[in-house]
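Report on one structure; see the data block that follows.
Counting convention: from 1, in listed order, for ligands and their atoms alike.
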Amino acid sequence: MEIERVTILGAGTMGRGIAEVAAVHGLQVTVIEPSASQRTAAAEQIGASVEKGIRRGKLAVSSAEEVLQRLVWIESMQEAAAAEFVIEAAVEREDIKVELFQQLDEICGSDVILGSNTSSISITRLAAATKRPEQVVGMHFFNPVPVMAPVEIVRGLQTSDATVAATRELAERMGKQAFAVADSPGFAVNRMLMPLINEAVFALQEGVADAATLDSLMKLGCNHPMGPLELADLIGLDVCLFITNVLHRELGDPKYRPCPLLVRMVDAGRLGRKTGEGFFHYDS
Ligand code: CAA
């Protein structure tokens, strides 16, 4: 199945990154985002990012204008009726995603695949909210989307082989490397990454070393581009806590219990880069 148009729900950090790579790779992109300020900020960020990519000779497009022309920004869900393939990148809340999938199922044509960029909500449960569970799939990108190579293609219990194949093809068309994984809590990457981040917070809480030292050790000692605490700030501490709670609840193993300090940071509204304060301080 040749996909030419994608519809993206949400223009937050992930939605706008997905929109950028889709448009850069020649797809026609419709972004549905209710907030006017988010739509404006997303379009500006994509324009700046593409211009930078062109200046550095990293993108095979002639101008940012060419990419921006492939993007349509709209407010109303009803526009999803024209979709060929949907990638939902709304806020990470199951009740909201279930409602969106129910609406998409009503609005979209019967052959349309409904993908979700969820980082940890069960694809099988989202699929069960629709009458097309075989056409519901996870398409999990990594932050920052324009830079990170992989996409996890998450196969729900009822996802068909044809859906997985079409989603893989789309991810590759967007310049990504696709990896099919099972619909297991945290999928593959977050199953491994969140325990690392949580353990780093335990080490901080227990005074093993300060945040900068712990991060420097992991960067230099394991060649990670970022230390786990800086990475947690990039992802968002609320998101890290949410995913860790999913691992704890759904796998039922106490080894996944969230560190009390992580819980307190979220209670305090110190969510990382997006609030200017997390394990580190951010000026802008
Ligand atoms: N958009 C576009 N390009 C970006 C970018 C963005 N948001 N952020 C960085 N870049 C580009 C920069 O322009 C730069 O390009 P050049 O090589 O042409 O200069 C390149 O990426 C490297 O960036 P920087 O020089 O600014 O900084 P860096 O070398 O420290 O790299 C980083 C920054 C790419 C973010 C790197 O630190 C890194 O890879 N960190 C780990 C990120 C990671 O692990 N992400 C996954 C998080 S988990 C997740 O997302 C899933 C989930 O469900 C929680």
- Are the charged groups of Arg132 and Asp105 less than 4.0 angstrom apart, N to O? yes

- Item | Polar side chain donor-acceptor pair, Gln45 to Arg16, under 3.5 angstrom | yes

- Not counting sequence neighbours, which residues clear ring-ring contact (aromatic ring centres under 6.0 Å, His included) with Phe142? List them please. His140

- Query: Can you tell me if Arg70 uses its side chain to pair, donor with acceptor, with the backbone of Ala23 under 3.5 Å?
  - Reply: yes

- Query: Charged N to carboxylate O under 4.0 angstrom, Asp233 versus Lys274?
  - Reply: no

- Got the residues with a heavy atom under 4.0 Å of ligand 1, by chain and number? Ser49, Lys52, Arg56, Lys58, Ser119, His140, Phe142, Asn143, Pro144, Pro146, Val147, Met148, Asn190, Leu193, Pro225, Met226, Leu231, Ile235

- Item | Pairing of Arg39 and Glu33 as salt bridge, 4.0 angstrom limit | no

